[in-house]
Amino acid sequence: MSRIEPRTLKGFRDYLPQAMIPRERIMETARRVYRSFGYAPIDTPALEYLEILTGKGSDETDKQLYRFQDHGGRDVGLRFDLTVPLARFVAQHSAELGLPFKRYHLATVWRGENTQRGRYREFMQCDFDTIGTTGVASDIETVLVVGELLRQIGLEQFTIRINHRGVLNGLLEKAGLAEQSTAVLRSLDKLAKIGREATLAEIQRTAGATTAQSEQVLALVDVTGDSAAMLTQLATITAGSERGAAGVARLAEVIRAVEQTPGMAGRVQLDVSIARGLDYYTGLVLETTLGELPGIGSIASGGRYDNLASLYTTQELPGIGASLGLDRLLSALEELGRIPAVSTPAEVFLPYFAADKLSDYLRVASQLRAAGFGVEFYPEPRKLGAQLKYADKRGFRAAVIIGADEFAAGQCQLKNLSDGGSQTLTLEADAASLVAALRELVKKT
RNA sequence: GUGGCUGUAGCUCAAUUGGUUAGAGCAUCGGAUUGUGAUUCCGAAGGUCGCGGGUUCGAGCCCCGUCAGCCACCCCA
């Protein structure tokens, strides 16, 4: 009989414990932060009717979409982001949800695009959105959520770069390029990557702009200084455009509020080159870069849109949201050496040592678990050395060693696996001394 | 989707100009008179040379296809 080769599809990955543990930790942090701002969890099906997903109908969408017929002959597709499902979801349930509605959604999405480092065909998105309000508070909170998330992940050196589509569009209006805004913004988005001259040329090529028009757009790039100075210059550039003025005013308000939030001063920066490729953004747009790894690109980004669900409902649903780039963030953390080489989620290892004391071991294990520790009990009585080797390899912090001698004496040994130190403790009926010593040890290391 | 580079053990790599039974380190598993890991010592296992076809007396090495990875382009709702 020929064996089937175990393998995974191009762009699809297995996650071993060592990769999955930090991954879950970040997802837990994201959930905790999102919840702390009142975003509620939702989930939607991986598979949607094809017409839901192709509603926007760009060619690129079609190319990247995983589509097929199900067993009932229905045309279906796998979701390629969480925004389209959110739009469908809100249009379908707005009566039950009430507005404004704040939700977060951590889920897998699929895109059949060509793979590259950090770009896969199956990946996780960690979105949060506020639907049904245009209030500046929701703009401010979106920035604050991103900042709080990164801080709780343990990253301190980051910059949230913000811009406003109204400013860009106001400028385009003045330049007479309003119709070609998508093409112009797409080119502008590449400014940092390809440089000023190439951007200029590309705007002329893709949007059919004149030299004067494209220069007028690129005047943006000459906006420099601190945020206040830039805002003044932007006001001048966009003078005469209502949208531009409103955008400048909103940027000013967001920056001021974020600067005044404890722990967030200096974390937000106006960056006129940020356009975001997505043509549905209409207001604030944001990207986040790491000071230690500027080259890795944005690890959290998002923006405001006027009308999320116009394809599915007549109801006007403005909103703002952002998304954490989980894979990019993880590879950044890895590059920074911030991913511990651990393949166990538990901190305490309990060797099975005295073969006839199974029930006593199980009791200690459950006492430690009740006290909040993750405890792995080795499944069979083996040589202690082999068991400790196993524990070391997996990165446990501590081992609780209890053999026949300790049981007889009513004691246990607590071994710190990172420094090899060991202490002998009294093992009471409620294991109180052990719990206290473990708390110390886990806190310390 | 387009173009380029790459593919030998779980990982990183080696293997004279095409020439016998494809090697090493690390990792894995076992052991060093059955109670202490990560540092030591001994041993074992592990390879359809990504896969398929072709050229050749002979292919890990050359050719074609295919799959996968990396890079650039495209794109990223």
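Quantities reported herein were computed from a predicted structural model and do not represent experimental measurements. Lettering follows sequence order; numbering is per chain, from 1.
- Taking a cutoff of 4.0 Å between a charged side-chain nitrogen and a carboxylate oxygen, A:Glu215 and A:Arg196 qualify as a salt bridge.
- Checked against B:C71, B:C75, B:G1, the side chain of A:Asn114 finds its nearest nucleotide in B:G1.
- A ring-centre distance under 6.0 Å is found for A:Phe349 and A:Phe396.
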Walk along nucleotides 34-42 of chain B from 5' to 3' and tag each nucleotide B, S or - by protein heavy-atom contact under 4.0 Å, base first, then sugar-phosphate. SBBBB----

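- Two rings, from A:Tyr104 and A:Tyr39, have their centers 6.0 Å or more apart.
- The base of B:C51 does not come close enough to the side chain of A:Arg7 for any donor and acceptor atom to sit less than 3.5 Å apart.
- For the C1' atoms, the distance from B:G47 to B:A14 is 14 Å, rounded to whole Å.
- Residue A:Gly11 is in sugar-phosphate contact alone, with no base atom involved, counting any heavy-atom pair closer than 4.0 Å across all strands shown.
- Salt bridge A:Asp129/A:Lys102: absent, no basic N to carboxylate O contact under 4.0 Å.
- Between B:C13 and B:G7, the two C1' atoms lie 13 Å apart (nearest whole Å).
- Close placement of the A:Tyr361 and A:Tyr352 rings is indicated, their centers lying within 6.0 Å of each other.
- Nearest approach of A:His105 to A:Ala107, heavy atoms of both residues: NE2-CB, 3.6 Å.
- The CD-C1' distance, from A:Gln387 to B:C29, rounds to 16 Å in whole Å.
- Between A:Asp327 atom CG and B:C76 atom C1' there is a gap of 14 Å when expressed in whole angstrom units.
- Residue A:Gln116 places at least one side-chain N or O closer than 4.0 Å to OP1 or OP2 of B:A72.
- The P atoms of B:C70 and B:G65 are separated by 22 Å, rounded to the nearest whole Å.
- Here the P atom of nucleotide B:C76 and the OH atom of A:Tyr281 are 12 Å apart, to the nearest Å.
- Residues A:Asp392 and A:Lys389 are not paired through a salt bridge, judged by the lack of any N-O separation under 4.0 Å between the basic side chain and the carboxylate.
- One N or O on the side chain of A:Thr210 and one on the backbone of A:Gln213 form a donor-acceptor pair closer than 3.5 Å.
- If you check B:G30, B:G1, B:G69 against the side chain of A:Lys10, the one that comes closest is B:G69.
- With P as the reference atom, B:U48 and B:G43 are 25 Å apart, rounded to whole Å.
- Rounded to whole Å, the C1' atom of B:A9 lies 6 Å from the corresponding atom of B:G46.
- A distance of about 15 Å separates the C1' atoms of B:G60 and B:U17, rounded to the whole Å.
- Dashed line: the shortest gap from a side-chain N or O of A:Arg121 to OP1 or OP2 of B:G69 is not under 4.0 Å.
- A cation-pi arrangement, defined by a distance under 6.0 Å to the six-membered ring centre and an angle within 45 degrees of its axis, is present between A:Arg267 and A:Phe158.
- The pair A:Glu122-A:Arg13 does not meet the salt-bridge criterion, since no charged nitrogen lies less than 4.0 angstrom from a carboxylate oxygen.
- Nucleic acid contact for A:Arg13: none, since no nucleic acid atom lies under 4.0 Å from a heavy atom of the residue.
- Rounding to the nearest 0.5 Å gives a distance of 10.5 Å between CG of A:Leu333 and CZ of A:Arg25.
- Straight-line distance from the CZ atom of A:Arg205 to the C1' atom of B:C74: 11 Å, rounded to whole Å.
- Regarding A:Asp81, its CG atom lies at a distance of 14 Å from the C1' atom of B:C75, rounded to whole Å.
- Atom name C1', nucleotides B:G18 and B:A24: the rounded distance is 24 Å, in whole Å.
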Let me have RNA chain B in dot-bracket notation, would you? Count Watson-Crick plus G-U wobble pairs, both distances under 3.5 Å, and use [ ] for pairs crossing earlier ones and | for inter-strand partners. (((((((..((((.....[...)))).(((((.......))))).....(((((..]....))))))))))))....

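- Note on A:Arg304 versus A:Asp139: salt bridge recorded, some NZ/NE/NH1/NH2 to OD/OE distance being below 4.0 Å.
- For the P atoms, the distance linking B:U66 with B:C26 amounts to 40 Å, nearest Å.
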Hey, what are the protein-to-nucleotides 10-12 of chain B N/O distances that come in under 3.5 Å?
none

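- In this structure, the ring of A:Phe353 has its center no less than 6.0 angstrom from the ring center of A:Phe407.
- Between the CD atom of A:Glu122 and the P atom of B:C76 there is a distance of 22 Å, given to the nearest Å.
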